[in-house]
J.: 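Before I ask anything, let me first share the structure, which is written out below as structure tokens.
For the single chain, residues carry numbers from 1 onward in sequence order. Everything quoted here is computed from the prediction, not taken from an experiment. Keep in mind that the numbers below use all heavy atoms, side chains included, and drop hydrogens, waters and symmetry copies.
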Amino acid sequence: YSQVLANAKDEYIQELEQYNKHLEDELNNTIQENRHIGEAYDELVEENEIFSSMLSQIEHEEGGHEILKKLYNEYSK
């Protein structure tokens, strides 16, 4: 009987080790995904800063405010 319990215990330990490995793999994949999302976010922030600067320059050109307002109204509908 003790051998049956020992075998069952060993099987259970193996199942837990396999599940733990699975969880570690999922965690590593999630960390990698988050890293990619962070990189994409940083790129978007940089692009946003560039476009904000460009729009600011256009805004201060003669007629720039009116052009930007017209475009905004057309594309925000």
Side-chain angles (χ1 to χ4, degrees):
Y1 179 76
S2 62
Q3 185 62 37
V4 171
L5 286 177
N7 288 343
K9 179 182 169 186
D10 288 342
E11 287 179 26
Y12 185 63
I13 289 172
Q14 286 180 342
E15 288 176 20
L16 290 175
E17 287 174 344
Q18 289 174 351
Y19 187 64
N20 188 49
K21 174 71 172 118
H22 172 74
L23 291 175
E24 287 175 349
D25 291 344
E26 280 190 21
L27 177 61
N28 287 333
N29 289 338
T30 301
I31 289 170
Q32 189 68 18
E33 281 182 36
N34 284 343
R35 187 174 294 124
H36 290 305
I37 290 169
E39 291 169 358
Y41 174 81
D42 291 342
E43 289 176 18
L44 288 173
V45 167
E46 186 176 325
E47 279 185 22
N48 187 48
E49 289 172 353
I50 290 169
F51 280 107
S52 292
S53 295
M54 291 167 52
L55 291 172
S56 176
Q57 287 181 333
I58 293 170
E59 176 78 22
H60 292 96
E61 292 291 323
E62 185 176 330
H65 174 76
E66 290 77 16
I67 293 170
L68 290 176
K69 184 175 180 180
K70 178 184 176 219
L71 291 172
Y72 179 82
N73 289 334
E74 286 178 16
Y75 288 96
S76 66
K77 293 180 182 179

J.: State which residues pass salt bridge (charged side-chain N to carboxylate O under 4.0 Å, His left out) with Lys77; sequence neighbours excluded, sorted by chain then number.
T.: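 Once residues adjacent in sequence are excluded, Lys77 has no partner under the salt bridge (charged side-chain N to carboxylate O under 4.0 Å, His left out) criterion.
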J.: Just wondering, more than 12 heavy atoms not from Glu39 lying within 6.0 Å of its CD?
T.: yes
J.: Anything under 3.5 Å between a donor and an acceptor, one on a side chain of residues 65-72, the other on a protein residue two or more places apart or in another chain? List them.
T.:
| residue | atom | partner | partner atom | Å |
| --- | --- | --- | --- | --- |
| His65 | ND1 | Glu59 | OE2 | 2.6 |

J.: Using the side-chain contact (heavy atoms from CB on, under 4.5 Å) criterion, which residues pair with Glu49? Sequence neighbours excluded.
T.: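 Listed in chain order: Val45.
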J.: Got a sec, which residues hit side-chain contact (heavy atoms from CB on, under 4.5 Å) with His22, two or more places apart in sequence or on another chain?
T.: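 If we apply the side-chain contact (heavy atoms from CB on, under 4.5 Å) test to His22, skipping adjacent residues, the hits are Tyr19, Glu26.
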J.: Hey, does the side chain of Ser52 reach the backbone of Asn48 with a donor-acceptor pair shorter than 3.5 angstrom?
T.: yes
J.: Scan residues 1-17 for pairs that pass side-chain hydrogen bond (donor to acceptor under 3.5 Å, both in side chains), counting only residues two or more places apart or in two chains.
T.: Gln3-Asn7
J.: Could you grab the distance from atom CD1 of Ile37 to atom CG of Leu44, nearest 0.5 Å is fine?
T.: 11.5 Å
J.: Please name all residues satisfying side chain to side chain donor-acceptor pair (under 3.5 Å) with His36, sequence neighbours left out, ordered by chain then number.
T.: Gln32
J.: Residues in side-chain contact (heavy atoms from CB on, under 4.5 Å) with Glu62, at least two apart?
T.: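 side-chain contact (heavy atoms from CB on, under 4.5 Å) list for Glu62, sorted by chain: empty.
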J.: Partners of Asp25 by side chain to side chain donor-acceptor pair (under 3.5 Å), sequence neighbours excluded?
T.: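 Partners of Asp25 by the side chain to side chain donor-acceptor pair (under 3.5 Å) criterion, ordered by chain and then number, come out as Lys21.
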J.: How is the hydrophobic cluster of Ile31 composed, in terms of its other members, when Ile, Leu, Val, Met, Phe, Trp and Tyr link through side-chain heavy atoms under 4.5 Å apart, directly or indirectly?
T.: Leu27
J.: CD1 of Ile58 to CD of Glu61: how many Å apart, nearest 0.5 Å?
T.: 8.5 Å
